[in-house]
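Quick notes on the structure that follows.
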Amino acid sequence: METVALIVMIVVVCLVLAWVFMRFRERERERALRREKLESVAEGHREMAEAHAGSLEGLREQALDHRQAAVDHTRKAEALEGRIEQKERQAAFHEDRAVETQHEREQV
């Protein structure tokens with residue numbers, strides 16, 4: 001009877017060990033699959049990051065061009081405003097001269 005009990009215990013231990021080993025292998029397979037999936041997702045994100053980085057350079061160049069154009073437009077606007085002020089002064093001067101001349105004419 002002791003021999004049968006010993007054999008049953010050995011078989012039970014072997015079955016438990018086999019189950020533990022199979023479960024361990026199954027978990028390792030699941031982990032490997034998960035790692036592969038995550039690596040694939042990470043690679044997709046890397047590709048998207050590279051694509052965005054590539055477009056960033058173009059956008060930076062466009063922004064710089066527009067900023068430079070804005071500086072040029074500001075400079076031109078300031079020059080035009082200066083001319084406007086000059087023309088206003090000239091128009092006011094000539095208007096004053098016209099009034100003085102008209103007044104002088106009326107007195108002659």
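Start at 1 with the first residue, then count along the sequence. Being a predicted model, the structure only gives us computed values, none of them experimental.
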Problem set entry | Salt bridge flag under 4.0 Å for residues Glu39 and Arg46 | yes

Please tabulate, for the side chains in residues 69-77, all donor-acceptor contacts under 3.5 angstrom to protein atoms that are two or more places apart in sequence or on a different chain.
{"unit_1": "Asp72", "atom_1": "OD1", "unit_2": "Gln68", "atom_2": "NE2", "d": "3.3"}
{"unit_1": "Asp72", "atom_1": "OD1", "unit_2": "Arg75", "atom_2": "NH1", "d": "3.3"}
{"unit_1": "Thr74", "atom_1": "OG1", "unit_2": "Ala70", "atom_2": "O", "d": "2.8"}

Exercise. Is there side-chain contact between Met22 and Glu26, with heavy atoms separated by less than 4.5 Å?
Worked result: no

Exercise. Are Arg25 and Glu28 within salt-bridge range, i.e. N to O under 4.0 Å?
Worked result: no

For this session: Starting from the C-alpha separation in whole Å, work towards a yes-or-no answer on side-chain contact (heavy atoms from CB on, under 4.5 Å) for Glu100 and Glu104.
Result: CA-CA 6 Å; Glu100 288 176 14; Glu104 185 179 326; over 6 Å; no

For this session: Test Phe93 against every option in Arg89, Arg97, Glu95 by the side chain to side chain contact (heavy atoms under 4.5 Å, CB included) rule and name the one that passes.
Result: Arg97

Problem set entry | Shared hydrophobic cluster, Val11 / Val20 (ILVMFWY, side-chain heavy atoms < 4.5 Å) | no

Exercise. Could you give the distance from CZ (Arg23) to CZ (Arg27), rounded to the nearest 0.5 Å?
Worked result: 6.0 Å

Exercise. Does CZ belonging to Arg83 count more than 12 external heavy atoms closer than 6.0 Å?
Worked result: no

For this session: Mind checking the OG1-CD1 spacing from Thr3 to Ile10? Nearest 0.5 Å is all I need.
Result: 10.0 Å

Exercise. Near Gln90 CD, under 6.0 Å, is it more than 12 heavy atoms from other residues, nucleotides or ligands?
Worked result: yes

Exercise. Do you reckon Val13 sits in the same ILVMFWY cluster as Phe21, going by side-chain contacts under 4.5 Å, direct or chained?
Worked result: no

For this session: Evaluate whether atom CZ of Arg35 has more than 12 neighbouring non-hydrogen atoms of other residues, nucleotides or ligands under 6.0 angstrom away.
Result: yes

For this session: State the CG-CG distance between Leu64 and Leu59, to the nearest 0.5 angstrom.
Result: 12.5 Å

Problem set entry | Cluster link Met9 to Leu17, ILVMFWY, side chain under 4.5 Å | no

Exercise. Is His45 close to Met48 at the side-chain level, that is, under 4.5 Å between some pair of heavy atoms?
Worked result: no

